[in-house]
Protein chains: 2
Amino acid sequence: MPTLDDIAAAAGVSRNAASRALSGRTKATWPSVRERVDHIRRVAAELGYRPHAAARALSERRFACAALIMGTESSRSTLIHGLLDGIITELDANQHRLSVARLSDDALVEPATLPQVLRECSADGLLVNYTHAAPKGMRQVLEAAGIPAVWINAQREVDCVHPDDHGGAHAATAELLRLGHRRIAYLEWHQHPGEHYSFDARRGGYEHAMREAGLPPRSLYLPAGTAVEDSLPVVDEWLTGPERPTAVLAYCFAEILYLGARLRGLSVPKDLSISTFMERPLLLIDRQPTATLVPGYELGRASAAMLLDKFAAPTVALAPRVIPMTYHSGDTIAPPPEA
Amino acid sequence: MPTLDDIAAAAGVSRNAASRALSGRTKATWPSVRERVDHIRRVAAELGYRPHAAARALSERRFACAALIMGTESSRSTLIHGLLDGIITELDANQHRLSVARLSDDALVEPATLPQVLRECSADGLLVNYTHAAPKGMRQVLEAAGIPAVWINAQREVDCVHPDDHGGAHAATAELLRLGHRRIAYLEWHQHPGEHYSFDARRGGYEHAMREAGLPPRSLYLPAGTAVEDSLPVVDEWLTGPERPTAVLAYCFAEILYLGARLRGLSVPKDLSISTFMERPLLLIDRQPTATLVPGYELGRASAAMLLDKFAAPTVALAPRVIPMTYHSGDTIAPPPEA
DNA sequence: ATGAAAGCGCTAACAA
DNA sequence: TTGTTAGCGCTTTCAT
């Protein structure tokens with residue numbers, strides 16, 4: 001495994017010269033210098049030289065590495081589809097690496113441990129994948145220690161990146177309105193306090209759009225604790241009567257809704273439009289679901305980019321970066337039957 | 001940020017003594033020595049000392065870090081649910097870290113680059129998450145370079161960890177047989193050459209169990225290129241006639257099958273049993289799917305453990321580690337109607 | 001723009 | 001067991 005000294009020796013220059021040439025620090029304005037630089041580079045390529053990241057980190061006093069940290073409780077640190085991919089892509093483009101760590105709640109709030117975690121992880125900053133119910137005080141600890149950190153998929157005043165859940169729900173509702181729907185319902189599950197912010201944001205976006213149109217919002221819930229096998233009768237009730245919705249925006253349970261509609265003889269989307277937030281790449285039903293999706297990849301890229309910005313200016317608080325959601329046009333929505 | 005020298009100074013000992021005490025290299029048989037060690041440890045804890053991973057790596061000539069590598073084409077490097085969690089858990093328990101990298105196919109087969117990737121990633125070995133269609137020659141390159149590597153969810157002669165797909169399918173079929181089913185079909189999609197090994201393995205397990213019972217295996221396919229919206233008539237055909245299966249083991253499309261059954265008036269599981277391989281944690285339907293699941297977490301732990309073993313003995317080829325699949329008993333299977 | 005020398009924080013070899 | 005010394009591979013002064 002060739003070292004910088006090897007390259008220098010093979011190229012007949014000093015170690016320093018080799019270092020500067022390979023890192024592009026030598027400006028090479030003069031032609032003869034330029035030639036030497038090329039020569040060094042060629043030798044390095046031939047010998048298959050790659051810098052030793054640890055040695056460089058030690059010397060440069062930075063690791064060129066970000067750490068993705070998650071909690072021990074996986075439900076609060078779900079890894080969104082595409083996120084990792086986006087993070088790696090962005091870091092890679094900036095010659096940074098990614099390491100992944102999982103810390104207990106206790107470790108996260110202990111003022112002493114966190115900074116040192118960075119040393120042990122060989123990271124310069126944190127991508128915090130603690131989407132909700134993050135341990136209290138963690139934020140202050142990070143700030144006090146001056147640790148660059150970006151919060152992924154969380155809504156905070158600064159230093160966070162999250163999808164535009166409000167806008168996404170608004171747009172999805174607007175599309176249903178545009179098609180002529182008036183009785184549009186919103187379906188979610190019974191919300192627990194401290195849930196992810198997207199529950200409020202999406203419902204808010206829906207209600208906003210409805211109010212703009214002068215229509216009353218209507219929420220559908222499966223009563224808390226409803227067993228799955230008992231859900232179909234509830235769904236059936238929703239779809240009964242003259243006031244039944246002609247369209248439903250569903251945070252979840254879209255499949256049960258779909259099944260209920262089909263069993264009731266309602267055709268989707270002819271009799272009932274369903275617009276979802278399903279992140280599932282595969283099809284669940286015999287339709288392509290019309291869906292407003294969390295842009296995991298873009299979220300990852302933006303998070304990494306923001307962290308890189310923070311590396312450049314660690315003390316500056318950055319405004320939240322809100323990423324548009326991806327609208328995936330499927331075939332589960334259409335104009336209402338009356339239209 | 002305290003360094004080892006700081007600890008040593010504060011404790012009034014040499015740097016070396018501090019190093020040995022903290023790493024547990026000092027045996028401390030004599031009581032007075034034991035006391036000093038404790039003292040040093042206490043000082044370190046108070047000052048919040050944590051070793052600098054890069055410095056240690058440079059000195060020890062190992063990184064105490066594994067790299068999870070994936071291809072650029074994400075379909076071939078899907079991150080199984082729970083896998084990352086399992087990997088981190090196992091590595092963490094052995095004071096190792098994880099970094100994640102994504103390499104292009106070209107980079108993976110280039111004999112020169114791979115070893116150096118390790119340096120740049122600060123890793124000692126590879127967890128290869130290239131479940132199928134890995135670039136040819138990659139294996140040889142790794143071997144020639146003497147790079148410790150474990151293949152995750154791939155079937156190879158050595159150094160791999162994968163679920164017992166054959167056994168899982170066999171057991172699922174056996175359970176259906178035990179319930180009294182005779183006409184058990186196997187549902188998958190049209191297989192492309194070079195697909196993941198689990199296609200063959202699961203079908204093999206199913207056929208094996210059927211043959212043991214003296215029954216003819218029967219495979220159901222959605223014809224290649226079937227549009228999703230055209231799939232229901234096909235499903236309907238499967239469920240028609242006196243020879244219709246009373247149970248289906250479904251690699252995929254379980255939802256469509258379920259929907260088709262319900263629309264046809266067949267009750268699940270009373271009239272039709274469905275046993276799946278769905279990895280989805282959420283419910284898709286109004287039943288808890290009976291499922292044989294890929295044990296992502298255990299897969300991760302086992303992979304990491306095997307890699308750690310390889311660190312200890314890099315040249316020894318290790319026998320494949322086959323992890324039992326997780327059988328999740330739901331309520332989509334029951335005895336056949338005739339029984 | 002170059003080469004010599006120092007140092008990043010740690011462990012490993014030595015002598016005491 | 002301890003302290004001393006050397007060195008891991010790299011970047012960074014600082015003269016030249």
Side-chain angles (χ1 to χ4, degrees), chain A residues 1-41 44 47-65 95 115-116 118-122 124, chain B residues 1-41 44 47-65 95 115-116 118-122 124:
Chain A
M1 185 115 314
T3 161
L4 193 53
D5 278 327
D6 298 335
I7 308 303
V13 295
S14 79
R15 183 203 313 167
N16 186 336
S19 174
R20 295 176 55 98
L22 292 176
S23 71
R25 241 171 311 145
T26 304
K27 284 171 205 155
T29 40
W30 237 43
S32 80
V33 176
R34 164 130 210 87
E35 194 179 319
R36 257 160 68 96
V37 166
D38 282 348
H39 175 233
I40 294 171
R41 292 221 172 110
L47 270 58
Y49 169 77
R50 290 265 188 130
H52 191 292
R56 177 177 279 174
L58 197 55
S59 177
E60 272 190 308
R61 250 152 281 184
R62 62 187 204 93
F63 298 102
C65 177
Q95 292 82 248
Q116 296 133 11
L118 286 183
R119 288 177 48 138
E120 235 174 358
C121 287
S122 301
D124 304 306
Chain B
M1 186 113 316
T3 160
L4 193 53
D5 278 328
D6 298 336
I7 309 302
V13 294
S14 80
R15 184 204 311 165
N16 188 330
S19 173
R20 296 177 55 98
L22 292 176
S23 71
R25 242 172 310 145
T26 303
K27 285 172 206 155
T29 41
W30 238 44
S32 79
V33 176
R34 163 128 211 90
E35 194 179 320
R36 255 159 70 96
V37 166
D38 281 348
H39 175 231
I40 294 171
R41 290 221 173 110
L47 270 58
Y49 169 78
R50 290 264 188 132
H52 191 292
R56 177 177 281 174
L58 197 54
S59 177
E60 271 190 310
R61 251 155 280 185
R62 63 185 203 93
F63 298 103
C65 178
Q95 293 82 246
Q116 296 132 14
L118 285 183
R119 286 176 49 137
E120 233 173 0
C121 287
S122 301
D124 304 306

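Model, not experiment: these values are computed from the prediction. A, B, ... follow the sequence lines: proteins, then strands. Residue 1 opens every chain.
As rounded to whole Å, 11 Å separates atom P of dG3(D) from atom CZ of Arg20(B). Rounded to an integer number of Å, the gap from CZ of Phe63(A) to P of dC8(C) is 15 Å. For the pair Asp5(B) CG and dT4(D) C1', the interatomic distance rounds to 13 Å; values are reported in whole Å. Here the P atom of nucleotide dG9(C) and the CZ atom of Arg119(A) are 7 Å apart, to the nearest Å. Between Trp30(B) atom CH2 and dT1(D) atom C1' there is a gap of 11 Å when expressed in whole angstrom units. Residue Met1(A) contributes atom CE, which lies 16 Å from atom C1' of dC10(D) at whole-angstrom precision. A straight line from CG of Leu118(B) to C1' of dG9(D) spans 17 Å, rounded to a whole angstrom. To the nearest angstrom, P of dG9(D) lies 17 Å from NE2 of His52(B).
Going from atom CZ of Arg15(A) over to atom CG of Leu4(A) covers 7.0 Å, rounded to the nearest 0.5 Å. The CZ atom of Arg41(B) sits 8.0 Å away from atom OG1 of Thr26(B), with the distance rounded to the nearest 0.5 Å.
In the set dG7(D), dG3(D), dG9(D), the nucleotide with an atom closest to the side chain of Ala17(B) is dG3(D). Among dC10(C), dC10(D), dT2(D), the nucleotide with an atom closest to any side-chain atom of Val33(B) is dT2(D). Out of dC10(C), dG9(D), dT2(D), the shortest distance to the side chain of Ala55(B) is found at dC10(C). The nucleotide whose nearest atom lies closest to any side-chain atom of Arg25(B) is, among dT1(D), dA12(C), dT12(D), dA12(C). With distances taken from any side-chain atom of Glu60(B) to the nucleotides dG3(C), dT11(D), dA12(C), the minimum falls on dA12(C). Listed nucleotides: dT11(C), dT11(D), dT2(C). Nearest to the side chain of Thr26(A): dT2(C). Relative to the side chain of Arg56(B), the nucleotides dT2(D), dC10(C), dC8(D) differ in distance, and dC10(C) lies closest. Residue Ser14(B) has its side chain nearest to dG3(D) when only dG3(D), dC8(D), dG3(C) are considered.
The base of dT4(D) has none of its N or O atoms less than 3.5 Å from a complementary donor or acceptor on the side chain of Arg15(B). A donor and an acceptor atom sit less than 3.5 Å apart, one in the side chain of Asn16(A) and one in the base of dT12(D).
The phosphate of dT11(C) (OP1 or OP2) has a side-chain N or O of Ser19(B) nearer than 4.0 angstrom. Considering only side-chain N and O atoms, Ser23(A) lies nowhere under 4.0 angstrom from the phosphate OP1 or OP2 of dT11(D). Considering only side-chain N and O atoms, Arg62(B) lies nowhere under 4.0 angstrom from the phosphate OP1 or OP2 of dA12(C). Of the side-chain N and O atoms in Arg61(B), none sit less than 4.0 angstrom from OP1 or OP2 of dC10(C).
Checked by atom type and distance alone, the side chain of Ser59(B) never pairs as donor or acceptor with a backbone atom of Ala55(B) at under 3.5 Å. At least one donor-acceptor pair closer than 3.5 Å links the side chain of Arg119(A) to the backbone N or O of Arg50(B). Within the 3.5 Å criterion, the main-chain N or O of Thr3(B) finds a donor-acceptor partner in the side chain of Asp6(B).
In Glu60(A), the CD atom is crowded: over 12 heavy atoms of neighbouring residues, nucleotides or ligands sit closer than 6.0 Å.
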